[in-house]
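Structure first, then comments.
Counting starts at 1 for both ligands and their atoms, in listed order.
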Amino acid sequence: MAGSGRPDWPSGPAGNGAPTPDVMRPRPAPVKRRFIRHPRPFALEQGQEFDADGETGMANVAALKDRAAQAALAHVEDGMRLGIGTGSTAEAFIRALGEKVAGGLRVTGVATSERTAALCASLSIPIVTLEDMPALDLTIDGADEIDPALRLIKGGGGALLREKIVAAASERMIVIADATKQVETLGAFPLPIEINGFGMMSTYLAIRKAAAGLGLSGDIVLRKAGEGPAITDSGHLILDASFGRIPDSEALSAALHAVPGVVEHGLFLGLATFAVIASDEGVTVLQRA
Ligand SMILES: O=C[C@H](O)[C@H](O)[C@H](O)COP(=O)(O)O
């Protein structure tokens, strides 16, 4: 675009004329995870890979998710108002909850995504909206990363906004995870940032600047779903920011919230009451350090 001072953008992915800068290229599908999150307690070599569905080095990851989900179920009491999370670990919990409900447990849930709402409906778990039931007793949800202070990265499944609203409306939040999610410092998992589609390039640049002010850099990419951008349940876009290591999550959270166009980010700070972590050694409860 000669003379405008603006680079030439390819045509927009959002169907609204919004630009697609090179830096916002799609993220490759995370088929395999490199084992960098937590060297213990598994009998894996540092750097060894395992399949996302859990074939290497420790018991099937899906089985660990089930184990964490079952342990969390013990905290669900008759009559509770429940926030119900999103993702594969949350789905293990929902299936276990469905069996309890079929056996007579009475709960009323608020779903953190359309996907979760559909699964709950298929299992006859009663679901209402957060407008109908704005205060909740307990939310149970998964996470992408958990640090020793129970700070979380969430949003790998794109549900961060509703998940955060629901968690904040709950008296307690229990995080369920397999032990690969434990990290010393957040940031190996790209941080999801939900943004409004309007002015997304300006928002992207402002995020870069805010992060640079905290000494953070790295790729920030627009999440894709097939050929087009991934659209959240609330109609927004997601940027995944690979900062690598986030030494001050609170400062980054505040800096991101100050950017117009940022709807929410995947740093969950001060929301988790405790975490139920499943590994080959069993289930441990992680309290805030
Ligand atoms: O948006 C998705 C959520 O934050 C999930 O809870 C998170 O990505 C963890 O998902 P999973 O249990 O599938 O690893």
Side-chain angles (χ1 to χ4, degrees), residues 27 29-35 37-38 50-54 58 60-72 82-97 109-120 138-147 150-168 170 173-183 186-195 223-225 230-242 249 253 263-269 271-272 275-279:
R27 179 168 73 140
V31 178
K32 297 209 173 207
R33 291 170 176 162
R34 185 160 287 280
F35 188 76
R37 283 173 157 149
H38 199 259
F50 64 92
D51 291 330
D53 57 359
M58 64 179 155
N60 188 308
V61 171
L64 296 182
K65 291 177 182 182
D66 283 340
R67 205 181 280 178
Q70 286 291 347
L82 278 187
I84 304 180
T86 295
S88 55
T89 319
E91 283 175 16
F93 169 75
I94 295 165
R95 292 184 195 285
L97 180 67
V110 169
T112 54
S113 64
E114 301 300 333
R115 202 166 84 215
T116 287
L119 181 58
C120 288
L138 174 65
T139 285
I140 296 185
D141 202 349
D144 298 300
E145 283 188 348
I146 307 167
D147 83 359
L150 290 187
R151 301 181 192 94
L152 314 173
I153 285 184
K154 286 182 55 55
L160 61 148
L161 175 60
R162 293 190 184 187
E163 286 178 333
K164 198 179 275 190
I165 293 171
V166 168
S170 299
M173 178 193 194
I174 299 177
V175 180
I176 49 175
D178 63 83
T180 64
K181 306 293 184 65
Q182 277 186 276
V183 295
L186 298 179
F189 190 93
L191 177 67
I193 304 170
E194 186 157 344
I195 63 165
R223 191 178 297 185
K224 303 277 267 194
I231 307 289
T232 68
D233 283 347
S234 299
H236 304 125
L237 306 173
I238 292 182
L239 299 178
D240 289 301
S242 296
S249 305
S253 171
V263 178
E264 195 45 85
H265 59 68
L267 290 167
F268 282 49
L269 310 177
L271 286 170
V276 175
I277 310 282
S279 72

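Under a 4.0 Å heavy-atom criterion, Glu91 is not in contact with ligand 1. At a 4.0 Å cut-off, at least one heavy atom of Gly155 sits close enough to ligand 1 to count as contact.
In this view, Ala159 and Thr86, Ser113, Glu163 satisfy the side chain to side chain contact (heavy atoms under 4.5 Å, CB included) rule, not counting sequence neighbours. For Arg162, the side chain to side chain contact (heavy atoms under 4.5 Å, CB included) criterion is met by Glu114, Asp233, Ser234, not counting sequence neighbours.
Within ligand 1, the atoms closer than 4.0 Å to a non-hydrogen atom of Lys154 are 3 (C), 4 (O), 5 (C), 6 (O), numbered from 1 in the order shown. Using a 4.0 Å cut-off to heavy atoms of Asp144, the atoms of ligand 1 that qualify are 7 (C), 8 (O), 9 (C). Set against the non-hydrogen atoms of Gly157, the atoms of ligand 1 under 4.0 Å away are 1 (O), 2 (C), 8 (O). Taking every heavy atom of Asp141 and a limit of under 4.0 angstrom, the matching atoms of ligand 1 come to 6 (O). Close contacts of ligand 1 with Gly142, meaning ligand atoms under 4.0 Å from a residue heavy atom, involve 6 (O). Here is the list of ligand 1 atoms found below 4.0 Å of a heavy atom in Lys181: 11 (P), 12 (O), 14 (O).
Considering both main-chain and side-chain atoms, Gly87 never comes within under 3.5 Å of ligand 1 through any nitrogen or oxygen pair. Here's the thing with Ser88: one of its N/O atoms is less than 3.5 angstrom from an N/O atom of ligand 1.
When non-hydrogen atoms are compared, ligand 1 lies under 4.0 Å from neither the backbone nor the side chain of Ala177.
Under a 4.0 Å N-O distance rule, the pair Glu91/Arg115 qualifies as a salt bridge.
Nearest approach of Ala111 to Thr116, heavy atoms of both residues: CB-CG2, 3.7 Å. In this structure, Pro192 and Asp240 approach most closely via the heavy-atom pair CA-OD1, 3.7 Å. When every heavy atom of Phe268 is checked against every heavy atom of Leu160, the shortest pair comes out as CZ-O, 3.6 Å. In terms of heavy-atom proximity, Ala143 sits nearest to Lys181 at O-NZ, 2.8 Å. Across every non-hydrogen atom of Asp141 and Ala90, the tightest pair is OD1-CB, 4.1 Å.
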